[in-house]
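Single-structure report; data block below.
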Amino acid sequence: MSDAHAKPAHPYHLVDPSPWPIIGAFGAFLMAVGAVLWMKSIPIDAVKPGGYVFFAGVICVLFVMANWWLDVIKEAQTPGVHTPVVSLGLRYGMILFIASEVMFFVAWFWAFFDAALFPNEAIEYARQTFTGGHWPPKGIESIDPWHLPLLNTLILLTSGTTVTWAHHALLNNDRKGLVNGLILTVLLGISFTCVQAYEYAHAPFAFKGSIYGSTFFMATGFHGFHVIIGTIFLIVCLLRALAGQFTPQRHLGFEFAAWYWHFVDVVWLFLFSCIYVWGSWGGPFEH
């Protein structure tokens with residue numbers, strides 16, 4: 001007679017069927033449709049439902065994130081599931097995910113450099129008219145990179161050191177150092193988001209009606225979104241650290257959060273040097 005609970009004769013882990021991928025895709029679809037309806041103010045039977053549809057999608061995605069995360073944590077706590085082969089596969093998966101994120105940001109940098117390096121491109125009549133043939137475009141006051149952007153750079157670089165401190169503390173089985181390092185990293189991540197929100201609220205240019213504003217806000221805005229996701233990732237790791245779920249030998253979740261945070265750090269350095277410093281060079285600053 002076969003035993004359904006017998007240990008498998010292979011080093012792999014076959015995941016159980018999960019409803020979260022399809023529900024998450026549905027939530028993302030609602031967000032996309034809602035965002036389009038909202039931004040375009042498209043009415044349906046004299047009602048503009050864009051905002052309601054968008055936030056319904058947000059709630060759906062957050063619900064999926066919470067439950068999927070709980071499933072992953074339960075899986076990580078199950079003895080014998082994360083074998084060396086499975087752990088290696090998960091690391092490859094995280095590397096490929098970060099590589100896809102790199103290409104995502106390459107697209108936004110490409111859009112920025114195309115506009116900034118060729119402001120008087122002959123076939124781009126509208127661009128030439130708007131920019132006046134140089135970058136930053138005529139009439140645009142840039143954000144001074146040596147004020148709030150520099151402060152945010154220092155905040156993010158410091159957070160990279162504190163998350164590394166937490167990782168080394170974990171490897172040395174120093175629980176207090178792990179928790180303190182994570183708390184500092186989370187606080188620095190929240191500080192970065194607050195400073196960027198203030199910067200956006202007082203920006204001297206708008207998102208729409210300007211190729212300068214659209215390339216600036218899309219690149220830095222998506223980075224800010226990644227900082228928020230990374231901060232949530234680290235908060236989950238902090239809660240798991242407080243619950244004693246990480247050991248020096250078993251802490252893949254924390255390792256991936258640290259990788260993600262360092263990736264966010266590196267992207268910001270490119271954004272700061274290219275968009276804030278180089279992209280505003282020679283133009284007037286906001287006073």
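Quantities reported herein were computed from a predicted structural model and do not represent experimental measurements.
- Residue Ile22 places its CD1 atom among 12 or fewer non-hydrogen atoms of other residues, nucleotides or ligands, all under 6.0 Å distant.
- The CE atom of Met94 sits 9.5 Å away from the CZ atom of Phe263 when rounded to the nearest 0.5 Å.
- Within 6.0 Å of the CZ atom in Phe29, the count of heavy atoms belonging to other residues, nucleotides or ligands does not exceed 12.
- A tilted orientation is assigned to the rings of Phe207 and Phe217, their planes being inclined by 30° to 60°.
- Taking every heavy atom of both residues into account, Val227 and Gly189 meet most closely at CG1-O, 4.0 Å.
- A continuous path of ILVMFWY side-chain contacts below 4.5 Å connects Val106 to Val266, so both sit in one hydrophobic cluster.
- Hydrophobic clustering (ILVMFWY, side-chain heavy atoms < 4.5 Å, transitive): Tyr260 and Phe256 are in one cluster.
- The distance from the CZ atom of Arg240 to the CZ atom of Phe246 is 4.0 Å, given to the nearest 0.5 Å.
- Leu188 and Leu157 fall into different hydrophobic clusters, where Ile, Leu, Val, Met, Phe, Trp and Tyr residues are linked whenever their side-chain heavy atoms come under 4.5 Å apart, directly or through other members.
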Would Leu178 and Phe254 count as a side-chain contact (heavy atoms from CB on, under 4.5 Å) here? Give the steps.
CA-CA 10 Å; Leu178 168 63; Phe254 175 83; 4.1 Å; yes

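- Summarising the geometry, atom OG belonging to Ser280 is positioned 8.5 Å from atom CH2 belonging to Trp146; distances are rounded to the nearest 0.5 Å.
- Under the 4.5 Å side-chain criterion, counting only non-hydrogen atoms from C-beta, Tyr276 is not in contact with Ser142.
- Distance CZ/Phe112 to OG/Ser214: 11.0 Å, rounded to 0.5 Å.
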What do the steps show when you test Leu90 against Val86 for side-chain contact (heavy atoms from CB on, under 4.5 Å), and what is the final call?
CA-CA 6 Å; Leu90 291 172; Val86 171; 4.1 Å; yes

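- Centroid-to-centroid, the aromatic rings of His226 and Phe222 stay 6.0 Å apart or farther.
- Ring pair Tyr52/Trp38: centre-to-centre distance not below 6.0 Å.
- Hydrophobic clustering, with ILVMFWY side chains joined whenever heavy atoms are under 4.5 angstrom apart, keeps Phe54 apart from Ile23.
- Within the 3.5 Å criterion, the main-chain N or O of His168 finds a donor-acceptor partner in the side chain of Asn172.
- In this pair, His223 and Phe105 present their aromatic rings perpendicular. The plane angle is above 60°, beyond the 30 to 60° band.
- The structure places CD1 of Ile211 at 5.5 Å from CH2 of Trp135, a figure rounded to the nearest 0.5 Å.
- Ring planes of Phe63 and Trp20: perpendicular class, angle over 60° (limits at 30 and 60°).
- Distance alone, capped at 3.5 Å, is enough to place a donor-acceptor pair between the Thr78 side chain and the Lys74 backbone.
- Contact record, Tyr212 with Pro136: CE1-CB, 4.1 Å, taken as the closest heavy-atom pair.
- For the pair Leu156 and Phe272, the minimum side-chain heavy-atom distance is 4.5 Å or more.
- Put simply, the side chain of His82 reaches to within 4.5 Å of the side chain of Glu75, judged on heavy atoms.
- Between Ile232 and Ile228 there is a side-chain heavy-atom pair separated by less than 4.5 Å.
- Trp261 and Ser159 are linked by a side-chain donor-acceptor pair at a separation below 3.5 angstrom, with hydrogens and angles left out of the test.
- Within the 4.5 Å cutoff, the side chain of Leu252 has heavy atoms near those of the Arg91 side chain.
- Ring centers of Trp69 and Phe233: under 6.0 Å apart, within the cut-off.
- Nearest heavy atoms, Ala219 versus Ile275: CB-CD1, 3.7 Å.
- Below 30°, between 30° and 60°, or above 60°: for Phe113 and Trp278 the angle between ring planes is between 30° and 60°, a tilted geometry.
- Between Thr231 and Ile190 the shortest side-chain heavy-atom distance falls below 4.5 Å.
- Side-chain atoms of Tyr200 and Thr220 form a donor-acceptor pair, as typed in the model, at a separation below 3.5 Å.
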Given Asn180 and Trp165, is the side-chain contact (heavy atoms from CB on, under 4.5 Å) satisfied, shown in steps?
CA-CA 9 Å; Asn180 289 339; Trp165 167 36; 3.8 Å; yes

Chi angles and distances behind the side-chain contact (heavy atoms from CB on, under 4.5 Å) call for Glu199, His147
CA-CA 10 Å; Glu199 176 188 293; His147 287 166; over 6 Å; no

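- Atom NE2 of His134 sits in a crowded spot, with more than 12 heavy atoms from other residues, nucleotides or ligands closer than 6.0 Å.
- In plain terms, the two heavy atoms of Gly27 and Val61 that are nearest each other are C-CG2, 3.7 Å.
- Looking at heavy atoms from C-beta onward, Val264 lies out of side-chain contact with Val267 at the 4.5 angstrom threshold.
- In terms of heavy-atom proximity, Pro145 sits nearest to Val277 at CB-CG2, 3.9 Å.
- Using a 4.5 Å cut-off between side-chain heavy atoms of Ile, Leu, Val, Met, Phe, Trp and Tyr, with links allowed through other members, Trp259 and Val102 fall into the same hydrophobic cluster.
- Interatomic distance, Phe225 CZ to Gln196 CD, rounded to the nearest 0.5 Å: 13.0 Å.
- Taking both residues in full, the closest heavy atoms of Pro204 and Ile143 are given as CD-CG1, 3.8 Å, listed atom of the first, atom of the second, then distance.
- When atom types are taken as modelled, the side chain of Asn152 and the backbone of Leu148 share no donor-acceptor pair closer than 3.5 angstrom.
- With contacts defined as side-chain heavy-atom distances shorter than 4.5 Å, the pair Ile73/Gln245 qualifies.
- With hydrogens and angles left out, the side-chain atoms of Gln77 and Arg250 include no donor and acceptor closer than 3.5 Å.
- Side-chain contact, Thr153 with Trp268: a donor N or O sits under 3.5 Å from an acceptor N or O.
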